[in-house]
Amino acid sequence: MGKKRKDREVQSDDDDAAKTRTKRTDIDKSGAKPQLLPSMIKNKEKRSAVYAKIKHEKKVEKRKNAKAREALESRALELGEELPPKKVPRTIENTREADETVCKPDDEELFAGNDADEFSSILNREQPPKILITTCRFHSTRGPALIKDLIAVIPNAEYYKRGTYDLKKIVEYANNKEFTSVIVVHTSRREPDALLVIGLPNGPTAHFKLSNLVLRKDIKNHGNPTSHKPELVMNNFTTRLGHRVGRLIQSLFPQDPEFCGRRVVTFHNQRDFIFFRHHRYIFETKENKQHDAKEKNKDTGDEKTPKGKVIARLQECGPRFTLKLTSLQHGTFDTKGGEYEWVHKPEMDTSRRRFFL
């Protein structure tokens, strides 16, 4: 046994020596030393010093490239040539995985389907939207507070107390009263955590997870919205599914905005998270004090001359929240026999660059 152990030790020493020889020959062939990374250094002070040096070198190189680019741009402007193309930064959005369902502007089938879907009568202004808003059976004070803010945002919206009624009976009642949509605010642990949007009379039903809720009263320097019909801004609903969800959201609002109210409601989709914002824009005259020439100052005797400049700024009205689609169901709400168009599953989240809206 002792002899075998000695033979193994000798063999391992020979292997180590062979590895070091091959490393040396590789370094000799390339003519450069291997790069020393901070993660290869065990000493904390030396590691931080090497990291600081690498960071400084990158900063110097970045500044050098910026100066070279500025010189090229100034020279192109002097010669009247085209400016060099700007570098587009790599982001998760512009490196998303290819999706066959992305809508194209020349998609005739998509536009033909728009004229025959469930929202065409509202979006073509043949029928005004009428919204019924209610809560889940067991709700807290934050649920009605959110509903109060939503009624201020969505025109023609009415609140009905849930009581002990089933949701199917509420949908039936809303159909009889000619409502076009039902919104249910679901709460859990005294906090609204979901929105259920049901299109009437034939669906579809969208279930959204609600997060990052900030009510109007909690927004600093918030504005008070008027009763005018708001403008609606929809961003980045690019796929077939996103197009359908976007039309469902559009059907909640009138399609003839009153621009004199200066109200804007925004649904911005980014990485399948739909960010809701409610603003009003304000025009203000800002006095701009400029120094005139010395001769004018001598003639007039004034050192500063005020000039009015009109600026536009946004004032947030609230509320503010984020939605994430969890399911889209055919028809009105039916948990047992309902057929789903799309359901979010955990196995879909295998890639950060895969988006569905």
**Pair R353 + E97, salt bridge at N-O below 4.0 Å** = no
**Asked** Linking I/L/V/M/F/W/Y whenever their side-chain heavy atoms sit closer than 4.5 Å, directly or via other members, would I147 and V153 fall into one cluster?
**Response** yes
Side-chain donor-acceptor pairs under 3.5 Å in residues 73-81, sequence neighbours left out?
from: E73; atom 1: OE2; to: R69; atom 2: NE; distance (Å): 3.2
from: E73; atom 1: OE2; to: R69; atom 2: NH2; distance (Å): 3.4
from: S74; atom 1: OG; to: E70; atom 2: O; distance (Å): 3.2
from: S74; atom 1: OG; to: A71; atom 2: O; distance (Å): 2.8

**Item:** Sequence-distant partners of E100, side chain to side chain contact (heavy atoms under 4.5 Å, CB included), two or more places apart
**Value:** none
**Step-by-step salt bridge (Lys or Arg N to Asp or Glu O under 4.0 Å) determination, D218 to R142** = CA-CA 12 Å; D218 299 326; R142 293 268 289 178; 3.7 Å; yes
**Request:** Indicate yes or no: at least one non-hydrogen side-chain atom of T101 is less than 4.5 angstrom from one of L241.
**Result:** no
**Item:** Main-chain N/O of V102 paired to D99 side chain as donor or acceptor, under 3.5 Å
**Value:** no
**Prompt:** Of all residues at least two apart in sequence or in a different chain, which pass the side chain to side chain contact (heavy atoms under 4.5 Å, CB included) check with S227?
**Reply:** none
**Cluster check I154, F275: I/L/V/M/F/W/Y, side chain < 4.5 angstrom** = no
**Message:** I'd like to check the salt bridge (charged side-chain N to carboxylate O under 4.0 Å, His left out) partners of R47; sequence neighbours left out, ordered by chain and number.
**Reply:** none
**Asked** Crowded around E178 CD? As in, over 12 foreign heavy atoms under 6.0 Å?
**Response** no
**Request:** With sequence neighbours left out, write down each residue that passes side chain to side chain contact (heavy atoms under 4.5 Å, CB included) with K345, or none if nothing qualifies.
**Result:** E347, M348
**Asked** Taking only residues two or more places apart in sequence or in another chain, which ones pass ring pair (Phe, Tyr, Trp, His ring centres under 6.0 Å) with Y281?
**Response** F283
**Item:** Sequence neighbours excluded, every pair satisfying salt bridge (charged side-chain N to carboxylate O under 4.0 Å, His left out) that has a member inside residues 262-278
**Value:** E93-R271
**Complete:** With sequence neighbours left out, the residues meeting salt bridge (charged side-chain N to carboxylate O under 4.0 Å, His left out) with K168 are D334
**Complete:** With sequence neighbours left out, the residues meeting ring pair (Phe, Tyr, Trp, His ring centres under 6.0 Å) with F273 are none
**Pairing residues for Y173 by the ring pair (Phe, Tyr, Trp, His ring centres under 6.0 Å) criterion, not counting sequence neighbours** = Y160
**Prompt:** Is K229 salt-bridged to D256, cutoff N-O under 4.0 Å?
**Reply:** yes
**Prompt:** Do the side chains of L248 and V182 join up, straight or via other hydrophobic residues, at under 4.5 Å, putting them in one cluster?
**Reply:** no
**Prompt:** Does a side-chain N-to-carboxylate-O contact under 4.0 Å join D107 and R240?
**Reply:** yes
Name the atoms and distances for all side-chain donor-acceptor pairs under 3.5 Å in residues 201-214, with sequence neighbours left out.
from: T205; atom 1: OG1; to: G331; atom 2: O; distance (Å): 2.9
from: T205; atom 1: OG1; to: F333; atom 2: N; distance (Å): 3.3
from: H207; atom 1: ND1; to: T326; atom 2: OG1; distance (Å): 2.7

**Message:** Whether the side chain of N269 engages the backbone of N236 through a donor-acceptor N/O pair (distance < 3.5 Å, no angle test) should be reported.
**Reply:** yes
**Asked** Any Lys/Arg nitrogen of E118 or R244 sitting under 4.0 Å from an Asp/Glu carboxylate oxygen of the other?
**Response** yes
**Message:** Holding to ring pair (Phe, Tyr, Trp, His ring centres under 6.0 Å), I want the full list of residues that pass it with F267, two or more places apart in sequence or in another chain.
**Reply:** F276
